[in-house]
Novice: 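Let me begin by handing over the structure; questions about it come next.
We count ligands from 1, going down the list as the structure has it; atoms in each ligand are counted the same way. Position 1 is the first residue of the sequence; numbering continues from there.
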Amino acid sequence: MRVIVIGGTGHVGTYLAPRLVEAGHQVVVLSREQRQPYQPHGAWNAVERVGIDRLAEEGAGTFGARVAALKPDAVIDMICFTPQSARHLVEALRGRVQHFLHCGTIWVHGHSVEVPTTESQPRRPFGEYGVQKAAIEAYLLDQARRHGFPATILHPGHIVGQGWAPLNPGGHFNPEVFARLARGEELALPNLGLETVHHVHADDVAQAFMQAIANWNQAVGESFHVVSPAALTLRGYAEAVAGWFGQPARLRFLPWEEWRTAVAAGDAEMTWDHIAHSPNCSIAKARRLLAYNPRYSSLQAVHESVDWLIEHGVVQV
Ligand SMILES: NC(=O)c1ccc[n+]([C@@H]2O[C@H](COP(=O)([O-])OP(=O)(O)OC[C@H]3O[C@@H](n4cnc5c(N)ncnc54)[C@H](OP(=O)(O)O)[C@@H]3O)[C@@H](O)[C@H]2O)c1
C-alpha cells in the first residue's frame, strides 16, 4: 500500500517508517523537516519525505486536500490533538482511503476503577490533552461505526526508546533521578511510591500499527491500548533501576504536599499528571485481535534507554 505517516520522524516514526518499508509498503512521511529520526536506518532512503506544516495548512484549510492529493491507501496520523483537526482530515479522506490510523493516548482514561483498565471502560478523562484525545476517539469510532470510515485508534503509554529520557521512577523526566539511583544516593518518592506508570517501547508501538494494518478487519472501528505487558509502581521501578547498578535503592517517602516542594516545579507538575492518572492498562484486546506481542517489558525498554543516556553523557554514574 501507499502509506502516508503524518509526523513520521518522531519517537514512533523512527521505528515505524522502516518497518513499513521492510513490509513492502510505499512510504511517505510528512513533517516540517525540522528534525531527523532518532536512529539511522537504511530504509529511510526509500521513504518519500514531504515538508508540510500541518498547523499552517490547517489554518489555510488546505491540509486535508494536500494529504488526499498524495493518493494514500492508508494514512497514519501521529500528530492530531483536537477533534477539529481530525474532522478536517476525515472529510478530505472520506471514501479515498482503505485504512486511517490515529495515534491516541492512554490519557483518554482518567483515574482507573478496575485494573488493568480495558478499552471498554467508560472514558472519564481530565486535563486538556486527555479530554481532546477522548473526543477524537469518540468522533473517529462514530465515523467508523455509523459512516463506514475505516478508522482505528491506538493508545500508547509512556513511549520509551533510545535517544530521549524516559519517564523516571519519580514520575517525571529529569534524568538526574536515574543518576541518583545509579550512584546509590537517596531518592524521595511521593506518597508510598505505589502509584503506577505504564511504559511502552516505541518499536512496540510501531509493531502495533503494523499489526493493525495487517489485521484490517479486526482493527477498523476499534481502539486498542498499546503498552508493555505490565505497569510499574514507582517504588518497584526505583528499586529495579538501582539494582541495575548493584545499588540498594535508598528511598524516602514524603506526602505529596511535602514532596512537591522538594523538587523543581516543572518536575512536580509532570509527576502530578502521571500519578493522578496512575495508568495500568490491559493489552488483552490488542493481543487477541491484532496479535500484538510486545518485545519489551517496561523495565527492559527503560534499561535500554538509560544505557543510551549513560553512553551519551546525559546520565553520569
Ligand atoms: N510521547 C509519549 O510518551 C506519548 C504517549 C502517549 C501518546 N502519545 C501520542 O503520540 C503521538 C506523537 O508521536 P511521537 O511521540 O512519535 O511524536 P514526536 O516524537 O512528538 O514527533 C512528532 C512528529 O511530528 C512532526 N511534526 C510536529 N509538528 C508538526 C507540524 N506542525 N506539521 C508537520 N509535522 C509536524 C515532527 O517533525 P518536525 O518537528 O520536523 O515537523 C515529528 O515527525 C501523539 O499523538 C501523542 O498524543 C505520545
Novice: When the ring centroid of Phe224 is compared with that of Tyr292, is the distance short of 6.0 Å?
Specialist: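 Not under 6.0 Å, so no.
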
Novice: With a 4.5 Å limit on heavy-atom distance, are the side chains of Arg252 and Leu189 in contact?
Specialist: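 They are not in side-chain contact.
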
Novice: Running the 4.5 Å side-chain criterion over Ile, Leu, Val, Met, Phe, Trp and Tyr, what cluster does Val220 land in, apart from itself?
Specialist: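 Result for Val220 is Trp216.
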
Novice: Are Asp73 and Arg96 close enough for a salt bridge, meaning some N to O gap below 4.0 Å?
Specialist: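 Answer for the salt bridge query: no.
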
Novice: Near ligand 1, which protein residues have a heavy atom under 4.0 Å away?
Specialist: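 Its neighbours under 4.0 Å (heavy atoms only) are Gly7, Gly8, Thr9, Gly10, His11, Val12, Ser31, Arg32, Glu33, Gln34, Arg35, Ile52, Asp53, Arg54, Leu55, Met78, Ile79, Phe81, Cys103, Gly104, Thr105, Tyr129, Lys133, Pro156, Gly157, His158, Ile159, given by chain and number.
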
Novice: So that I know where these two stand, are His155 and His109 an aromatic pair - ring centroids less than 6.0 Å apart?
Specialist: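 No.
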
Novice: Verify the ring-centre separation between Trp272 and Trp256: is it less than 6.0 angstrom?
Specialist: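 Ring centres of Trp272 and Trp256 closer than 6.0 Å.
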
